[in-house]
Protein chains: 2
Amino acid sequence: MVYLDPPFFSQKIQCMKDSNGIEYRFSDIWETRGEYIEYIRIRIEEIKRVLKETGSVFLHCDDSASHYLRMILDDEFGENNFRSEIIWVYKRWSNAKKGLLPGHQTIFFYSKTSNFKFNTIYKEYSPTTNIDQILQERVRNSEGKASYKYDKKGNVVIAKEKKGVPMSDVWEIPFLNPKAKERTGYPTQKPIELLEKIIQISTDEGNLVLDPFCGSGTTLVAAKMLNRDFIGVDKNPSAIELCNRRLAEPTKTVSRLLQVGVDAYRTKTDEELAILNMLGCDVVQRNKGIDGFLKKFYLGAPVAVKIQKSYESFSEAINLLNNAGKKKKCSFTVMIRTSEGLVDSEIPIPSNMIVIDGLDLQLNASLLKASNNYNKRLMRG
Amino acid sequence: MVYLDPPFFSQKIQCMKDSNGIEYRFSDIWETRGEYIEYIRIRIEEIKRVLKETGSVFLHCDDSASHYLRMILDDEFGENNFRSEIIWVYKRWSNAKKGLLPGHQTIFFYSKTSNFKFNTIYKEYSPTTNIDQILQERVRNSEGKASYKYDKKGNVVIAKEKKGVPMSDVWEIPFLNPKAKERTGYPTQKPIELLEKIIQISTDEGNLVLDPFCGSGTTLVAAKMLNRDFIGVDKNPSAIELCNRRLAEPTKTVSRLLQVGVDAYRTKTDEELAILNMLGCDVVQRNKGIDGFLKKFYLGAPVAVKIQKSYESFSEAINLLNNAGKKKKCSFTVMIRTSEGLVDSEIPIPSNMIVIDGLDLQLNASLLKASNNYNKRLMRG
DNA sequence: ATTCTTCCTGAATCTTTAA
DNA sequence: TTTAAAGATTCAGGAAGAA
């Protein structure tokens, strides 16, 4: 298998320093598009030459010249050997731009022949999947419509064991964060996770992986950890040095985000989210005293919102919100009192805090009043 | 704005039947690739001709010929007018295939000039984001490192109001489920939500939207619902008929259409469900006047709850709830008034109806009062 | 008109403080 | 001593302003 992440046609100089002050730099600047294409084409030709009959190539690019690169691959490998357009999706720290924020890169997957090595990776079923579909055998009737299969006694027929859903061509993997330990200081470094997937679907242990633009050596590190053989090439001597350093101690930092999933960071209940949404709030996830900020400032300052929790007394909640609001320089704070929260309103409410009873509290109060009125009227006849 | 979803170069015949047995069919078969490209190129040329200087084009394709289509766009619009490669991501029922499951389609976004119309849509911050960096102003020291800004007294300085994160070029929108009500039976039908986003970012109300391969008319329906003008073209007469049915069936008003259209793909919003849940309600799905019943009876009879909808005036909502409540022999009814609903409280409120303002309405009133108090205090010195 | 410089942003981590 | 919460930091990549 060959993975290559050649210079993009971005017309920029990529430059970065590592923690020791060593500067890594390469140029994505080309005289003409034709020159760039020719540069890549020669390399693709050679890649095809050295590839086994069952081998595959993965070409990594952004959207600046992906269509030209795919043309080259079509020409050299044949369009019938196109396997997939893999989309690597990530969220990244943002910038201001008129238009949509770039949040993906493309990896073209071609095989040398139709008899290519491929290991299917199975993922979990979507939570919306009906288990009957997985468990029960199905048949097609005369009109071609599918239905569940029953045996002669009218019992459902259980299907053979399934392995899960085959992996899709869209891969959501966190972008290598500027603060990640995995970072070497080399520009355009890719996450190990990405290379692991590519190596796993296209090779077995002991197979050979080639990266002709190996840079910081992510491909090689991933290959080594997965017990594949590997060859790396780079024209920059300091890149090779870096590769050797990394390979001597191949480490992979597991991203907490990847490990626990983004939902682990979402700590609000549906109800709390609905309240915050109703009020027009940005949701705050990592603050005990504040659940959200109103999207609009008042008196030139932010307004913090807190929903009383069931495990908090009212006075506790007030103190938490008040202190957090002061720290964040809020003009006002808003407390949503809930019926579940422990009632205990001994302490005075700060002058810049607005307390609003939750809908359930208001409803109960109103219903009580209405029932009393009704009973009084009854008494009076 | 022009959106086009031309036949793909898939070399298949697309065929599907709707519920009335009408068959829709068109051919994706072309003699040669060159012929296909020429067919598209002519249309792109004309699209550019009729487009305004501030206009944009969105070309929808799968990965079978996307590189050729983008070449055409580069040629006709100029590669400096390439704005984004939008990736539409969806999860779909799986099929066994050696390789990765296709889970995306591509939409190329080009503008006619660099002075193009664009409305940024802001999304929520990631749950991993630290609010301090959103809230606090930052500075750069002499070494170019960033840190938080403090005033002379050592207090943090609050940054100006933020709007959220600009939308990325990767859109996760569910593929039209085979059972979805929105389905017309037309092959390759796209979800309305996808078209809504495209129309929203590239046009304002009253602008003109053209779909030269309109098929079942999803683009036109979305345009109509968003108060844009629209033109649809299709060479298949039964497609045009279908479009007209979809566009004209709700013969009343545009807002009625909106109501019907929205209701077709979601009966209760998450917010409404959360409110009903908060109040301790059983949810009622198919009643215009009632959204839920309290789990507890009052005075030995059920209590109906209704949330005012954005497309209902307050008096309309009151009448609906009151009539439905009488039919169901309710002792009381509860109306939740919302800020989105049309305000129009001319008619008297029935004696057994309890009206509760939504949290947002109460918050707005409280903030207004608090701000006024603050200003008065300022005036008095 | 072109190049250079400065500024701004926020996702996801690392670091420090509090419990 | 361990863990959780809060605070601080980095950097790709556009925009806007300066040279």
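Below, all heavy atoms of this structure are taken into account, side chains as well, without hydrogens, waters or symmetry copies.
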* Could you write nucleotides 12-19 of chain C as a row of B, S and -, 5' to 3', where a protein heavy atom under 4.0 Å of any base atom gives B, of only sugar-phosphate atoms gives S, and otherwise -? -> BBS-----
Could you pull out all residues at least two apart from [X] that satisfy side-chain hydrogen bond (donor to acceptor under 3.5 Å, both in side chains)?
X	result
Arg246(A)	Ser216(A), Thr218(A)
Lys268(A)	Asp291(A)
Tyr90(A)	Gln105(A)
Asp169(A)	His104(B)

Quick one: [X] [atom1] to [N] [atom2], roughly how many Å, whole number?
X	N	atom1	atom2	value
Ile134(B)	dT9(D)	CD1	C1'	14 Å
Trp93(A)	dT9(D)	CH2	C1'	12 Å
Lys160(B)	dC7(C)	NZ	P	13 Å
Lys149(B)	dT9(C)	NZ	P	12 Å
Leu100(A)	dG14(D)	CG	P	12 Å
Tyr148(B)	dA6(D)	OH	C1'	10 Å
Phe293(A)	dG10(C)	CZ	P	15 Å
Leu135(B)	dT9(C)	CG	C1'	14 Å

Using a cutoff of under 3.5 Å, can you pull out all pairs of nitrogen or oxygen atoms linking the protein to nucleotides 15-17 of chain D, with atom names and distances?
from	atom 1	to	atom 2	distance (Å)
dA15(D)	OP1	Lys98(A)	N	3.2

Kindly write out the residues that satisfy ring-ring contact (aromatic ring centres under 6.0 Å, His included) with [X], not counting sequence neighbours, or none if the list is empty.
X	value
Phe109(B)	Phe58(B)
Tyr36(A)	Phe9(A), Trp30(A)
Phe108(A)	none

* Structure fact -> Writing each nucleotide of DNA chain C 5' to 3' as (, ), [, ], | or . by Watson-Crick or G-U pairing under 3.5 Å yields .||||||||||||||||||
* **Asp63(A): partners by salt bridge (charged side-chain N to carboxylate O under 4.0 Å, His left out), with sequence neighbours left out** =>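 Once residues adjacent in sequence are excluded, Asp63(A) has no partner under the salt bridge (charged side-chain N to carboxylate O under 4.0 Å, His left out) criterion.
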* From Ile131(B) CD1 over to Leu135(B) CG, what is the distance, rounded to the nearest 0.5 angstrom? ->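 Between atom CD1 of Ile131(B) and atom CG of Leu135(B) there are 6.0 Å.
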Indicate, with a heavy-atom threshold strictly under 4.0 Å, whether [X] touches base, sugar-phosphate, or nothing.
X	result
Lys123(B)	nothing
Lys327(A)	sugar-phosphate
Gly164(B)	sugar-phosphate

* Close side-chain approach of Met1(B) and Thr203(B), heavy atoms under 4.5 Å ->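 When only atoms from C-beta onward are counted, Thr203(B) and Met1(B) do touch, with a gap below 4.5 Å.
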* First encountered from the 5' end of DNA chain C, between Glu124(B) and Glu137(B) ->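 That would be Glu137(B).
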* Asked: Partners of Glu137(B) by side-chain contact (heavy atoms from CB on, under 4.5 Å), sequence neighbours excluded?
  ->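 side-chain contact (heavy atoms from CB on, under 4.5 Å) list for Glu137(B), sorted by chain: Lys149(B), Val157(B), Ala159(B).
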* Asked: Picking from Lys48(B), Arg83(B), Arg70(B), what satisfies side-chain hydrogen bond (donor to acceptor under 3.5 Å, both in side chains) with Tyr110(B)?
  ->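 In the set Lys48(B), Arg83(B), Arg70(B), the residue that makes a side-chain hydrogen bond (donor to acceptor under 3.5 Å, both in side chains) with Tyr110(B) is Arg70(B).
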